[in-house]
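Here's the structure we're looking at; comments come further down.
Below, chain A is the first sequence line, B the second, and so on; all start at residue 1. Reckoned from all heavy atoms, side chains included, excluding hydrogens, waters and symmetry mates.
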Number of protein chains: 2
Amino acid sequence: MLSQRSRYALRALVYLAGRAEPGPAAIGEIAEASAAPRKFLEAILLELKRRQILVSVRGRSGGYALARPASEISFADVIRVLDGPLALAPCASKTAYRPCDTCPTVTDCPAHPALVAARDAVAAVLEGWSIEKAVLAVSPLEAL
Amino acid sequence: MLSQRSRYALRALVYLAGRAEPGPAAIGEIAEASAAPRKFLEAILLELKRRQILVSVRGRSGGYALARPASEISFADVIRVLDGPLALAPCASKTAYRPCDTCPTVTDCPAHPALVAARDAVAAVLEGWSIEKAVLAVSPLEAL
DNA sequence: GTTAATACCTACTAATTCTATAGAGATTTA
DNA sequence: TAAATCTCTATAGAATTAGTAGGTATTAAC
């Protein structure tokens with residue numbers, strides 16, 4: 001399951017991507033639009049900024065904006081930042097491989113091939129699904 | 001990520017499926033073979049029995065055995081019992097659908113289509129991966 | 001029948017993670 | 001200078017996870 005943080009983050013990013021006004025959006029505005037607790041969202045946006053998915057402007061009339069086009073931010077990018085690897089086990093992760101603590105060696109682990117196949121399947125979907133794609137699904141007409 | 005419980009469970013089931021001796025296997029034997037803490041594994045096997053993936057024999061010379069052929073027990077079956085739905089959000093689950101607490105309606109949720117697609121992808125892999133398949137991968141020669 | 005080996009059950013604990021909240025500091029515009 | 005904003009640290013309560021302890025019920029072997 002996704003954490004609440006990832007869900008708020010995805011909603012916030014889709015909101016930013018679909019927003020018409022130029023310039024950055026303040027946390028308060030984003031929190032309201034994505035129905036997230038303001039202070040909690042603060043920490044989430046900050047983390048997304050550290051990981052270069054967002055950029056920020058400080059000071060009055062500051063706020064957050066996407067660091068790159070929405071078509072180049074995938075669901076996988078966001079989830080990896082906030083929830084860690086997509087894989088079902090560390091040993092099945094491509095982006096954060098680590099041998100499992102209690103398992104035998106990777107070649108001897110009877111579950112390993114299945115977990116790798118599952119990771120590949122979910123990664124293929126989420127890496128191919130951009131924030132832009134999600135925006136278009138919500139408001140296909142406005143996009144034309 | 002999978003819980004430790006699911007990992008122990010998968011290893012235990014693969015062990016049971018690959019075991020030559022007739023009759024049920026005692027918890028102690030299974031725990032040793034799958035490198036799991038005995039008392040912890042007890043609770044796991046009991047849950048798998050309640051959910052009819054294992055059957056048990058009580059009393060002296062009792063133990064656990066698979067409730068059906070290993071070819072008919074999928075990784076998805078086991079993970080669902082111990083970790084819950086495969087989906088990344090309740091609203092994306094087919095086997096345990098539930099609307100999300102903090103999300104808008106399903107049709108308005110910008111993340112929903114991606115999460116459903118991810119669920120379908122991982123479910124396809126894990127429902128198609130049986131315990132038997134895992135046994136064959138570990139010991140392809142003995143299986144002949 | 002007694003004993004010993006086993007599954008079954010309840011309760012508990014320690015550590016970790018998750019979901020926030022509080023409040024102060026740094027920065028910039030008006 | 002004031003106000004609005006991002007940034008940072010610290011904290012707290014709830015939930016989950018991983019594992020332990022200790023007893024009860026059942027059955028086969030002797």
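With Val78(A) as the fixed residue, the side-chain contact (heavy atoms from CB on, under 4.5 Å) test singles out one of Leu2(A), Ile44(A), Asp83(A), Ile73(A): Ile73(A).
Distances shorter than 4.0 Å separate some side-chain N or O of Lys49(B) from OP1 or OP2 on dC8(C). An OP1 or OP2 oxygen of dA20(C) is reached within less than 4.0 angstrom by a side-chain nitrogen or oxygen of Tyr8(A). Regarding contacts with the backbone of dT7(D), a side-chain N or O of Ser56(A) is found under 4.0 angstrom from either OP1 or OP2. The phosphate of dT7(D) (OP1 or OP2) has a side-chain N or O of Tyr64(A) nearer than 4.0 angstrom.
Between Tyr97(B) and Val106(B), some side-chain heavy-atom pair lies under the 4.5 Å cut-off. Side chains of Tyr64(A) and Leu46(A) form a contact here, defined as non-hydrogen atoms less than 4.5 Å apart.
We find that CD of Glu29(B) is positioned 14 Å from C1' of dA5(C), with the value rounded to whole Å. If you take CZ of Arg50(A) and P of dC6(D), they are 14 Å apart, rounded to a whole angstrom. As a whole-Å value, the separation of Leu82(A) CG from dA20(C) P is 14 Å. Between the CD1 atom of Ile44(B) and the P atom of dC9(C) there is a distance of 16 Å, rounded to whole Å. Rounded to an integer number of Å, the gap from CD1 of Ile27(A) to P of dC6(D) is 4 Å. As a whole-Å value, the separation of Arg60(B) CZ from dA5(C) P is 6 Å. Rounded to whole angstrom, the span from the CZ atom of Arg7(B) across to the C1' atom of dA18(D) amounts to 12 Å. The CG atom of Asp83(B) sits 13 Å away from the C1' atom of dA18(D) (whole-angstrom rounding).
In this structure, Ile27(B) and Leu45(B) approach most closely via the heavy-atom pair CG1-CD1, 4.1 Å.
For Ser3(B), the side-chain atoms get nearest to dA18(D) when compared with the rest of dT19(C), dG22(D), dA18(D). Here the side chain of Arg5(B) is nearest to one of dG23(C), dA18(D), dC8(C), namely dA18(D). Side-chain atoms of Pro37(B) lie closest to dG19(D) of the nucleotides dG19(D), dA26(C), dA20(C). Checking dC6(D), dA18(D), dT19(C) against the side-chain heavy atoms of Phe40(A) singles out dT19(C) as nearest.
Checked by distance alone, Glu42(B) brings a side-chain donor or acceptor within 3.5 Å of a matching partner on the base of dC8(C).
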**Report entry** Chi angles and distances behind the salt bridge (charged side-chain N to carboxylate O under 4.0 Å, His left out) call for Arg5(B), Glu47(B)
**Finding:** CA-CA 11 Å; Arg5(B) 298 171 76 224; Glu47(B) 182 66 19; 5.5 Å; no
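Between Ser6(A) and Leu45(B), it is Leu45(B) whose nearest contact on DNA chain C lies nearer the 5' terminus. Toward the 5' end of DNA chain C, the nearer of the two residues Leu41(A) and Val57(B), judged by each one's closest nucleotide, is Val57(B).
Heavy atoms of Gly63(A) sit under 4.0 angstrom from primed sugar atoms or phosphate atoms, though from no base atom.
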